Asker: 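Handing you a structure now.
Quick caveat: nothing in here was measured; it's all calculated off a predicted structure. First the proteins, then the strands, lettered A, B, ... as listed; each starts at 1.
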Amino acid sequence: MAQKKIGKQTFQFSSVPVVTSWASVVGPKEGQGPLGDKYDLVLTDSLAGEKTWEKAEQKMMQYSMELALEKQELLPKDLDLYLAGDLLNQIISANFTARFLNTPFLGLYGACSTLAQGLCVAGILLEGGFAEKIGVSASSHHDTAERQFRTPTELGDQRPMTAQWTVTGSASFLVERIGTGIMLTHATIGKINDLGVSNTQDLGSAMAPAALDTIKTHLEDLGRSEDDYDLIVTGDLGFLGSNILKELLQQNDISPKKINDCGIMVYSPSQDTHAGGSGCGCSAVVLAAHLIERLRKGLDQRILFVGTGALLSQISAFQGESIPCIAHAVVLEARGEVK
Amino acid sequence: MIKLQEEEIRQKIREREGLISRNVLLKEQEMTRQQEELQKEHQKVLYWEAQALGEERKKLADLRQEIERQQQRLTKPQQIAYQSIALKFVPPQTVVKNTIMAFLVGGLICLSGQIIKNLFSQGGLADKEASAATSALLIFLGAFFTGIGYYDKLGKVAGAGSIVPITGFANSIVSSGLESKKEGYIYGVGAHLFTIAGPVLAYGTMISILVGLIYYFAK
Amino acid sequence: MELFKAFVLGGFLCAIGQLLIDLTPFNITPGHILVGYVTSGVVLSSLGLYQPLVDWGGAGATVPLSGFGHSLAQGAMEGVKTQGLLGALGGGLEATSIGIAAAIVFGLVVATFAQPKG
């Protein structure tokens, strides 16, 4: 019997790893959003002074890790391990960032759930005593994602109302075995959920069942209810997916009142993103700039952060396959008294 | 021994077939049980199949495919039920507004085409030449406005109104080429120029040749 | 009047495209629309149904991509008349060669000098 596993899918970290530092870097559109003044660095243009968007995305990821390290007066060489991922083929942003950092590196792919996936893996490794300090990053870039997954950016097509806008941004987190900061107490690893949605312009609908599955399993595993959390926040379901999730939760007798979504928080409705934000960067920058800061200030005591990912490729989409989706959850707690 | 087990599996499949054909929404527990059963059967049959030879192997492959088919069909009612829930939350497309905008912008592009053609005709070009020159000029304009970054903004408002005219054809060529510029001029721009327009030329030409052939033999 | 007709017919053809995008359950992209218009242009033209549209609406029928299909079909049939079987093969492209060449030239030139804005 696994000692540190509770219920079906939840891991308990009794040594309580700590998120000690974090930083976010975003593009100009995100900078104009409601969280605009909370990011560590807002780029003036989506190229970040580089020649290509791919290079710009990689730089954002690198900058965010460097900023997070600098806040703790650490250097890349102090990291025992770097965990990172992004949306591009062969996760090139992460690979090139790891080349710069020159630390032991495990690349992750969980589509937009990558950050939650990274925090889960970091927690497991720290709990297991394999490392003291682990860096975790995730990034996405609207133009690189648009190029790879959809159509050329200059093509004059219309985005349907269900489509989400990929966030240009990256955030990095420093997770340590010992330290002061935000406590990482549990992780729930998700299963693939696929209810046959194949419309790549409607990822919210595709991902909502995965979020439901993970949230429900998490609460059952720990014998908790939604009232044990100040916030249950999903990664990038957007307006549409979040509304579906609320309906699904109600059908499963879970109150949806604590639910929110990073894809909804990252842009204001006037920014014309249709169904909200998406991408690895979406949940990452909202967590770093907003949610974890609320925990630090004691505005929230305990949140459930649920990264959601649509694990499709352009090829699977063209071949008409439905979209396999996943959600991973981590529990983050402020130090001090917990309700 | 295997024969006996195989017969057992076939029996289970037959029983499940009844369940599947009723298209009922299974309870979560029952669904999990059925899915696990199917996984177990699939694994067993695949294992036998890997060891079997000739006719026997083919027979087992058929059985395995039958199991795979059931695996897919088992979740269909659940998928349909979910998708009908999801559909309730889909924001309505602004069809009326989109259609009006497509009509207006598309109409204006064609109107400009007519003005350009009239000017060419007045300049002394015959009807066919004037038409061809108009197309060429519109293609230039479509390419130009794509290059300076305006055509995608027009497209956001106009939809099909800026896709259907020949300027949209030019937009598809330039946007695809531009996007891949950083991958070089041969494998980037050159190779991607016709990513979207290529199928248009291929199928247009192919069908026109068919039309020519039919015309030739019917004449 | 001629201008008005071009506006109405062109607008109408584009509006059909928009309805196809918005009201069909499939994910219809610009690629689908362009291919669909060209091929339906060829078919309608070969059945003699497109020429009346051109006669009525002028540029309203020739500027939409179905007009390109119309040129292809007319060129192929024209080619058969003058060159026989060989004309069926080359006629369509001959009739549209100026447009195709313009697309290649302007496409390459603009792609070379412009930058994608994102």
Asker: Name the member of B:Lys76, B:Lys88, B:Glu179, B:Gln78 that forms the most heavy-atom pairs with chain A at distances under 4.5 Å.
Answerer: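 Between B:Lys76, B:Lys88, B:Glu179, B:Gln78, the count favours B:Glu179.
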Asker: Heavy-atom count check: over 12 atoms from other residues, nucleotides or ligands less than 6.0 Å from A:Lys258 NZ?
Answerer: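 More than 12 within 6.0 Å, yes.
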Asker: Report which part of A:Glu54 has an atom under 4.5 Å of a heavy atom belonging to chain B: side chain, backbone, both, or neither.
Answerer: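 Neither the backbone nor the side chain of A:Glu54 comes within 4.5 Å of chain B.
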Asker: Starting at CD1 of A:Ile244, measure out to CZ of B:Phe89 and round the result to the nearest 0.5 Å.
Answerer: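 That separation rounds to 6.5 Å.
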Asker: Quick check on the interface: out of A:Met161, A:Gln251, A:Glu146, who has the most heavy-atom pairs with chain B under 4.5 Å?
Answerer: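 Heavy-atom pairs under 4.5 Å are most numerous for A:Met161.
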Asker: When you look at CZ of A:Phe149, are more than 12 heavy atoms from neighbouring residues, nucleotides or ligands closer to it than 6.0 Å?
Answerer: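 It does: A:Phe149 CZ has more than 12 such atoms within range.
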Asker: Less than 4.0 angstrom from a charged side-chain N to a carboxylate O is my criterion; do B:Glu28 and A:Lys216 meet it?
Answerer: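 Salt bridge: yes.
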Asker: Hey, could you give me the OG1/CG distance between A:Thr151 and B:Asp152, rounded to the nearest 0.5 Å?
Answerer: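 Rounded to the nearest 0.5 Å, the OG1-CG separation comes to 9.5 Å.
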Asker: Judged by atom type as modelled, is there a donor-acceptor pair below 3.5 Å linking the side chain of A:Gln158 to the main-chain atoms of B:Lys156?
Answerer: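 Side chain of A:Gln158 to backbone of B:Lys156, a donor-acceptor pair under 3.5 Å: yes, one is there.
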Asker: Supply the atom-to-atom distance A:Asp194 CG to B:Thr75 OG1, rounded to the nearest 0.5 angstrom.
Answerer: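 Atom-to-atom, A:Asp194:CG and B:Thr75:OG1 are 8.0 Å apart.
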Asker: I'd like to know if A:Lys51 pairs up with B:Glu183 as an ion pair, taking the criterion as any Lys NZ or Arg NE/NH1/NH2 lying under 4.0 Å from an Asp or Glu carboxylate oxygen.
Answerer: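 No, no charged N to carboxylate O under 4.0 Å.
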Asker: Less than 4.5 Å to any heavy atom of chain A: does that hold for the side chain of B:Ile196, its backbone, both, or neither?
Answerer: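 B:Ile196 touches chain A through side-chain heavy atoms alone.
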Asker: Can you tell me if NZ on A:Lys257 sees more than 12 non-hydrogen neighbours from other groups inside 6.0 Å?
Answerer: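 Yes.
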Asker: Yes or no on side chain to side chain contact (heavy atoms under 4.5 Å, CB included) for A:Leu155 and B:Ser176, after CA distance, side-chain angles and deciding distance?
Answerer: CA-CA 8 Å; A:Leu155 188 70; B:Ser176 308; 5.7 Å; no
Asker: I'd like to know if the side chain of B:Gln83 reaches the main chain of A:Gly196, judged simply by a donor and an acceptor atom lying under 3.5 Å from each other, with no hydrogens or angles considered.
Answerer: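 A pair under 3.5 Å: yes.
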Asker: Heavy-atom distance under 4.5 Å to chain A: side chain of B:Thr195, backbone, both or neither?
Answerer: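 Neither part.
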Asker: Give me the atom names and distance for the closest heavy-atom approach of B:Pro91 to A:Thr162.
Answerer: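 Nearest pair, atom of B:Pro91 first, then A:Thr162: CD-CG2, 4.2 Å.
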Asker: Quick check: are there more than 12 heavy atoms from other residues, nucleotides or ligands sitting under 6.0 Å from OH of B:Tyr185?
Answerer: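 Yes.
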Asker: Tell me if the NZ atom of B:Lys182 is crowded by more than 12 foreign heavy atoms within 6.0 Å.
Answerer: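 Enclosed.
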Asker: Return the OG to CG distance between B:Ser162 and A:Asp157, rounded to the nearest 0.5 Å.
Answerer: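 The distance works out to 9.0 Å.
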Asker: Nearest 0.5 Å, please: how far is CG in B:Asn171 from CD in A:Glu154?
Answerer: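 CG of B:Asn171 is found 8.5 Å from CD of A:Glu154.
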Asker: Who among B:Ile85, B:Ile163, B:Thr94, B:Val174 has the most heavy-atom pairs with chain A under 4.5 Å?
Answerer: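 Heavy-atom pair counts peak at B:Ile85.
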Asker: Calculate, to the nearest 0.5 Å, the distance between atoms CG and OH belonging to A:Leu212 and B:Tyr82 respectively.
Answerer: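 The CG atom of A:Leu212 sits 9.0 Å away from the OH atom of B:Tyr82.
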Asker: Checking B:Ala81 against chain A: side chain, backbone, both or neither under 4.5 Å from a heavy atom?
Answerer: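 For B:Ala81, there is no contact with chain A at all, as no heavy atom is under 4.5 Å.
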Asker: Has B:Glu15 got more than 12 heavy atoms of other residues, nucleotides or ligands less than 6.0 Å from its CD?
Answerer: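 Enclosed: over 12 neighbouring heavy atoms sit under 6.0 Å from CD of B:Glu15.
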